[in-house]
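In what follows, a structure is listed as structure tokens, so that the remarks can point back to it.
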Amino acid sequence: MQLTFFADRLRRLVNDETGSITYRPHFLAEREAQRLFDRLRAEVEWHSGRRWMYEREVDVPRLTSHFRVEEGIPESLQAVLVRVREAEGVPFNSIGLNLYRDEKDSVAPHNDHLNEVAAGQPITLLSLGATRLMTIRSKARPRRVLDVELEPGSLLTMSYATQLHYDHGIPKQRRKVGPRMSVVFRVRP
Ligand SMILES: O=C(O)CCC(=O)C(=O)O
């Protein structure tokens, strides 16, 4: 798959002793982001999970999928993996996918489990489809809240340290929102 990349306009949202969070809009051109979204939506085996909440089993409010790079990844992700590795200078070896079907899908505020990320390595999210709000909140006071509109084709990178200091989540929305996907690059130990 031919992809066009724009590596400009990096925004530093956090850059201090709590770690670094950067946002890079238009990493993928709009048309390429849409094409990748369409291919992944059609080709990937999406799973709907269940989880326990307040003593009740409920649906995980989004669809997910996961690939270990060493076991093979879909052809549509190969070029993008190479470019994200290059852009971030990180040997990502795991790709998680989240599909938010509409405004009712979400992910609750959380930090990545640090035993599932190689020490010191960041997490990079590529957004595709509809723009969704991500809320990033510091765990400690004084509370710091960052609301980031994750646009299609953008990359958000959170350093390892930020997982100790911040929670991130994609809240449900009241207004109608189309489907959105995130492609999450990690280095698994
Ligand atoms: O969809 C996103 O941008 C966030 C995904 C996420 O937080 C996760 O997979 O742990």
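Starting from 1, each residue takes its place in the sequence as its number. Numbering of ligands and ligand atoms starts at 1, following listing order.
- Criterion: ILVMFWY side-chain heavy atoms under 4.5 Å apart, direct or through other members. Under it, V187 and Y160 are not part of a common hydrophobic cluster.
- Remark: distances from the non-hydrogen atoms of R186 to ligand 1 include one below 4.0 Å.
- With ligand atoms numbered from 1 in the order given, ligand 1 contributes 1 (O), 2 (C), 4 (C), 5 (C) to contacts under 4.0 Å with heavy atoms of Y100.
- Not a single heavy atom of M181 sits less than 4.0 Å from an atom of ligand 1.
- Counting non-hydrogen atoms of neighbouring residues, nucleotides and ligands closer than 6.0 angstrom, the CD atom of E70 exceeds 12 such neighbours.
- Rounding to the nearest 0.5 Å gives a distance of 11.0 Å between CG of D102 and CD of Q173.
- With H113, H168, R180 as candidates, the residue nearest to atom 2 (C) of ligand 1 on a non-hydrogen basis is R180.
- Counting heavy atoms closer than 4.0 Å to ligand 1, residue D112 contributes side-chain atoms (C-beta onward) but none from N, CA, C or O.
- Near L125, meaning under 4.0 Å from any of its heavy atoms, are these atoms of ligand 1: 3 (O).
- Among protein heavy atoms, atom 9 (O) of ligand 1 sits closest to N98 ND2, 3.1 Å.
- For R143, the CZ atom sits in a packed shell: over 12 heavy atoms of surrounding residues, nucleotides or ligands are nearer than 6.0 Å.
- Atom NE2 of H113 sits in a sparse spot, with 12 or fewer heavy atoms from other residues, nucleotides or ligands closer than 6.0 Å.
- With hydrophobic clusters built from ILVMFWY side chains whose heavy atoms lie under 4.5 angstrom apart, I123 does not share a cluster with F67.
- In this comparison of H110, R132, M134, the heavy atom closest to atom 6 (C) of ligand 1 sits on H110.
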